[in-house]
Protein chains: 2
Amino acid sequence: MMPGNTVFAQPLARSRLHEEIVSILQKQILTGMLAPGTRLPPERELAESLQVNRATVREALRKLEHVELLDIRHGDGVYVRDYMESGSIDLIRVVSGMDDGNGALLDVLEVRRIMVPEMARLAAMRRSSADLADLERIIFREDSVVMEQDIQVHRVIARASGNLLYTIMLNFFNQLFRDHVLLYFEKKQNIERSLAFHRDIFAAIRDQKSGEARRIMQEVLLFAEAAVKESMARQP
Amino acid sequence: MMPGNTVFAQPLARSRLHEEIVSILQKQILTGMLAPGTRLPPERELAESLQVNRATVREALRKLEHVELLDIRHGDGVYVRDYMESGSIDLIRVVSGMDDGNGALLDVLEVRRIMVPEMARLAAMRRSSADLADLERIIFREDSVVMEQDIQVHRVIARASGNLLYTIMLNFFNQLFRDHVLLYFEKKQNIERSLAFHRDIFAAIRDQKSGEARRIMQEVLLFAEAAVKESMARQP
DNA sequence: ATTGGTTTATTGGTTGAACCAGTAAACCAT
DNA sequence: ATGGTTTACTGGTTCAACCAATAAACCAAT
């Protein structure tokens, strides 16, 4: 893969104004500065105190409503909800991005360690011949970058599991650990570990050996997890 | 519990205008009517064709951006993303609410069957004495409604697992199956099943028998799952 | 022919000032 | 005490602009 592209890899998305407001309020809610049940100032006041238009404030409040951090009641007001009662996984992204957010990342790793092997097991049981063909095409292609190959392998396995939620959660994991994955595939030994994994999981899924698929997935996850934790320790 | 409250149980939330727009676009994207990569008309045109103000359109588009169904690019335009690449669990809610949405609900049940017993196992291992006290207080209280009791039991177990993601996903499950849970606790035999479950899981967690906690949780989940599937078959 | 800078039309982002619509609290009549 | 009415406040929506980023067309220099 192309080395040294860490600087201009991302388009450095300039934050939009309403996203700034989201960050400010998010932080205050998650740190408890704004306790659950608290009633926020009216939109008009918020807009004035933030020196911003009311429409901009509204777009920010809307986002916080979507992640169930706020309760917006027409004619009444805006109330802070208890984030421990939220059912929005997006909250994890927010918490992960905070100062001591690595704890949340460890939580995600723990859940992934349980879910993804099970996903592989189901995939081995349920895979169609089309799934198998996709997997083979992805794995036995010389020109491709291993990292992209790896992501696609997981994606096809998720699809083969026949469970939409697995696909979505896999995407969620990939997004969350995007930076760590980039680092992971810098090391030659990790790349070789992945290639071996691709070979083995393909065989297991081809032969519909569900237990073995599960085991293979679990092993590679533990391996990758150790690498992630190590890089987290270095760059907190 | 109070019977016959099915009519006025919910405040029949009148949909806000921007939510209507969200529904319309969501449907078109998830059914493939709007294919990934498609560029939406400019906000101004959308507003005109929907006979609605641009600010209202924007709040709708914002929501769809949050669930990763749209990609909004300043100065460029609004593009439809591939929902199979979304990492937003909220999508499941949307899919579940569609015509053939029960498939998605079955997917969620399948994941829950894997995750929640593991959550109980961790809770038994990690529970603090405060967690245990909470659990005891909730379970051995005569005046409470069993359904609320049950939800709180699960909530404390999630908290005791020490993993924030479990708490959030549990909330997600509860919200998704809210209606089914209501039906579930109409039946006397189900209530008794839950009371026995509370007793057993409490003992397992108290004695920190993690394997047993896991097994007990798994059994009650399978039991409840069967009931949910049955009621799904009756009321699709 | 390619590169790099400039212009321009288009599109999302933000603003200000209104008005509509739902809520809760105070108030009043019964 | 109960039920209906008024009122002040708050979120929801609208309208009409202007700001800012993008892409495409264009142009100039190499």
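So that the names make sense, note that chain A is the first sequence line, chain B the second, and so on, each numbered from 1. Only a predicted model underlies this, so the values are computations on that prediction, with no experimental measurement involved.
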Watson-Crick/G-U partner (both atom distances under 3.5 Å) of C:dA9: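 Paired with C:dA9, as far as the under-3.5 Å criterion goes, is D:dT22.
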Between atom [atom1] in [X] and atom [atom2] in [N], what is the gap in whole Å?
X       : N      : atom1 : atom2 : answer
B:Leu46 : C:dT10 : CG    : P     : 17 Å
A:Glu43 : D:dG12 : CD    : C1'   : 8 Å
B:Leu70 : C:dT11 : CG    : C1'   : 15 Å
A:Asn53 : D:dT14 : CG    : P     : 16 Å
A:Glu45 : D:dG11 : CD    : P     : 9 Å
A:Arg58 : C:dA18 : CZ    : P     : 19 Å
A:Ile72 : D:dG11 : CD1   : C1'   : 8 Å
B:Asp71 : C:dT11 : CG    : C1'   : 14 Å

Check the phosphate of [N] against [X], side-chain N and O only, distance under 4.0 Å to OP1 or OP2. Yes or no?
X       : N      : result
B:Thr56 : D:dG12 : no
A:Arg73 : C:dA24 : no
B:Arg16 : D:dG12 : yes
B:Arg54 : D:dT14 : no
B:His18 : D:dT13 : yes

Any idea which heavy atoms bring B:Asn53 and B:Ala47 closest together, and the distance? C-CB, 3.9 Å
For a quick check, tell me whether the side chain of B:His74 and the base of C:dG12 share a donor-acceptor pair closer than 3.5 Å. yes
Side-chain-base donor-acceptor pair under 3.5 Å for B:Arg44 and C:dG12: yes
Mapping B:Pro42 and B:Ala55 onto DNA chain C by nearest heavy atom, which one lands closer to the 5' end?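 Result: B:Pro42.
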Can you tell which of D:dT22, D:dT10, D:dG11 lies closest to the side chain of B:Asp76? D:dT22
Quick check: does any side chain N or O of B:Asn163 sit under 3.5 Å from a backbone N or O of A:Asp107, one acting as donor and the other as acceptor?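 Looks like yes, one N/O pair under 3.5 Å.
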Does the ring-ring contact (aromatic ring centres under 6.0 Å, His included) test come out yes or no for A:His154 and A:Tyr166, once each step is laid out? CA-CA 10 Å; A:His154 281 86; A:Tyr166 278 124; over 10 Å; no
Given side chain to side chain contact (heavy atoms under 4.5 Å, CB included), test A:Asp71 with A:Val78 step by step and report yes or no. CA-CA 6 Å; A:Asp71 191 5; A:Val78 180; over 6 Å; no
Any residue meeting side chain to side chain contact (heavy atoms under 4.5 Å, CB included) with B:Val181, in chain and number order, not counting sequence neighbours: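 If we apply the side chain to side chain contact (heavy atoms under 4.5 Å, CB included) test to B:Val181, skipping adjacent residues, the hits are B:Met147, B:Phe177, B:Phe185.
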